[in-house]
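Data first, discussion second: the structure below is written as structure tokens.
All chains are named by letter (A, B, ...) in the order of the sequence lines, taking the proteins before the strands, and each is independently numbered beginning at 1.
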Number of protein chains: 2
Amino acid sequence: MQVNTAKKTRIRQENLSIILGKAEQIFAEFGFKGATMQAIADAADLPKANLHYYFPTKLALYRQVIERIFTIWLEAADSFDTSATPQEALTRYIRKKMEISRAHPYGSKVWANEVIQGAPIIQDYLQTTLNEWTDTRIAVINRWIEQGLIDPIDPRHLLYMIWATTQHYADFSHQIATLNDNRPLDDAQWQRATRNVTDVILKGIGA
Amino acid sequence: MQVNTAKKTRIRQENLSIILGKAEQIFAEFGFKGATMQAIADAADLPKANLHYYFPTKLALYRQVIERIFTIWLEAADSFDTSATPQEALTRYIRKKMEISRAHPYGSKVWANEVIQGAPIIQDYLQTTLNEWTDTRIAVINRWIEQGLIDPIDPRHLLYMIWATTQHYADFSHQIATLNDNRPLDDAQWQRATRNVTDVILKGIGA
DNA sequence: CAAATTCTTGACTAGTTGGTCAGCTATGCT
DNA sequence: AGCATAGCTGACCAACTAGTCAAGAATTTG
């Protein structure tokens, strides 16, 4: 049975992967409504009807794209180690978020687009998983404050600042490139950006 | 002639204003492609054909919306007083940007959407006006660094951080509200947010 | 090899949407 | 009042697009 399934799904796995990747790109570039199944099909080099064989509707495809992004987000969330010092936890978390912004800019853009438009699809994720995760980190930050390890800042605004700044490098990459002689940031520039962001935030909260 | 024009355009002025306002809202909520002329017409309580009387095409309407937003952005830009101290200039600029995020969330969202999608419409604004403005402020920040008024940080990343953080409160207002018991931030919370952002950034750059 | 299952695809449909237009009404001026 | 200009609008169309489907090709299994 397992062997059977594995063999069955070889082609399937490949096509799913290609379609999801291209869909992410097209959704990021044109928004949900602006992205057409035909455009995604062309990008994936498949006939449109084939897309509907794997994903019954455009919305279903979009949901899968969003879920993949959310998984990556959770991966970064874990790097906010609640048992570490403020310096360690935040440095690692910021670095991870910057790495994700660089590795998955399209995913970040789709997510941003979705939230900007009122999160019609991912509302439940925000209300449950994100809300819970945020509460635990707020508790940790408050403990740091009580212990005098950082300044008494509102933990929520610290988190918003980290999210905003790190995701900005993905979501606004076009603007950043335009102000960088129309070139995307190179390795050294990404490193410098990460260091700058980390330094300012850590120093800014007195860590 | 002038009197004539003024009288002529009374109705026109009113309708233009209503349409642009509603269009901003609909574009923010559904993106360019997702926003329909019919939806904008309904929101403005006008027949669709009437929209096309004032704006020949959807793209023309969108351009006007974007231009209005850009004007507001320029207004904020001026508050970055190049002759003031770092503390004064940045405090005023951040406060202004936070005020705009609160007063014009839809405009900010349209702008964000546009940039995320590669700025197909506003590319020229980025290349010219924004680029020039950025260069002058970079020069100012570098002077501050030379004079030892702030830490030697990359001026670009400081600007990106300010843009990202302040605009986050507009663009991600839905997410912020969700994490705030499903309520938008109230007056006190906006003040607190502004103070937090200002404090962390100023302290973070050693100002 | 033959049967069964999975995958592929061109052609089609129903619904949506930007934009048009001809004729109408309201407004303002002399 | 009468004329000219500006503003309004229902009805319509062409283009586009998500989704369907039936028939065929490829792959796997026994």
Side-chain angles (χ1 to χ4, degrees), chain A residues 1-27 29-66 110 117 120-121, chain B residues 1-66 110 113 117 120-121:
Chain A
M1 200 54 137
Q2 278 299 332
V3 178
N4 237 339
T5 310
K7 279 181 184 169
K8 267 187 203 166
T9 51
R10 214 185 50 229
I11 295 176
R12 192 178 196 85
Q13 292 284 343
E14 264 183 39
N15 281 337
L16 286 178
S17 172
I18 293 173
I19 294 170
L20 283 170
K22 296 299 183 181
E24 184 177 284
Q25 207 171 322
I26 302 290
F27 280 130
E29 196 167 347
F30 301 100
F32 175 73
K33 194 65 192 282
T36 66
M37 292 298 271
Q38 188 61 61
I40 296 169
D42 290 349
D45 203 28
L46 290 171
K48 191 186 64 150
N50 211 347
L51 255 65
H52 280 101
Y53 172 73
Y54 290 106
F55 301 93
T57 66
K58 185 180 176 182
L59 190 59
L61 173 54
Y62 182 72
R63 274 182 205 278
Q64 296 257 336
V65 169
I66 288 275
V110 175
Q117 296 185 9
I121 305 297
Chain B
M1 202 50 138
Q2 278 300 331
V3 177
N4 237 340
T5 309
K7 280 182 187 170
K8 267 188 205 168
T9 51
R10 213 185 51 229
I11 295 175
R12 192 176 196 86
Q13 292 284 342
E14 265 182 38
N15 282 337
L16 286 177
S17 173
I18 292 173
I19 294 170
L20 283 171
K22 296 298 183 181
E24 184 177 284
Q25 208 171 320
I26 302 290
F27 279 130
E29 197 167 346
F30 301 101
F32 175 74
K33 195 64 192 283
T36 66
M37 293 299 270
Q38 189 61 60
I40 296 169
D42 290 347
D45 203 29
L46 289 171
K48 192 186 64 154
N50 209 347
L51 255 67
H52 281 100
Y53 173 70
Y54 290 107
F55 301 92
T57 65
K58 186 181 176 182
L59 190 61
L61 172 54
Y62 181 73
R63 274 181 204 276
Q64 296 257 337
V65 169
I66 287 275
V110 175
N113 237 308
Q117 298 184 9
I121 306 296

Evaluate the side-chain proximity of B:Leu59 to B:Ile121: yes if any heavy-atom separation is below 4.5 Å, no if none is.
yes
With heavy-atom distances below 4.5 Å as the criterion, would you say the side chains of A:Leu20 and A:Phe55 are in contact?
yes
Taking the inter-plane angle between the rings of A:Phe27 and A:Tyr62 on a 0 to 90° scale, is it parallel (under 30°), tilted (30 to 60°) or perpendicular (over 60°)?
perpendicular
Locate the shortest heavy-atom distance separating B:Asn113 from A:Gln117; write the atom from each residue and the value.
ND2-NE2, 4.0 Å
Least distance between heavy atoms, B:Val110 atom then B:Ala28 atom:
CG2-N, 3.6 Å
After noting the C-alpha distance and the side-chain angles of B:Leu46 and B:Ile40, does the key distance pass the side chain to side chain contact (heavy atoms under 4.5 Å, CB included) rule?
CA-CA 9 Å; B:Leu46 289 171; B:Ile40 296 169; over 6 Å; no
Taking only N and O in the side chain of [X], is any of them less than 4.0 Å away from OP1 or OP2 of [N]?
X	N	answer
B:Arg12	D:dG7	yes
B:Asn15	D:dA6	no
A:Arg10	C:dC7	no

More than 12 heavy atoms from other groups under 6.0 Å of NZ on A:Lys58
yes
Proximity to DNA chain D (any heavy atom under 4.0 Å), residues of residues 24-38 of chain B only:
B:Lys33
Take atom [atom1] of [X] and atom [atom2] of [N], then tell me their distance rounded to the nearest Å.
X	N	atom1	atom2	result
A:Lys58	C:dT16	NZ	P	14 Å
B:Glu14	D:dG7	CD	P	12 Å
A:Ile11	C:dT5	CD1	C1'	12 Å

What are the residues of residues 39-54 of chain A, sorted by number, that bring a heavy atom to within less than 4.0 Å of DNA chain C?
A:Pro47, A:Ala49, A:Asn50, A:Tyr53, A:Tyr54
Criterion side chain to side chain contact (heavy atoms under 4.5 Å, CB included) on A:Leu61 and A:Met37, from CA distance to verdict:
CA-CA 10 Å; A:Leu61 173 54; A:Met37 292 298 271; 4.2 Å; yes
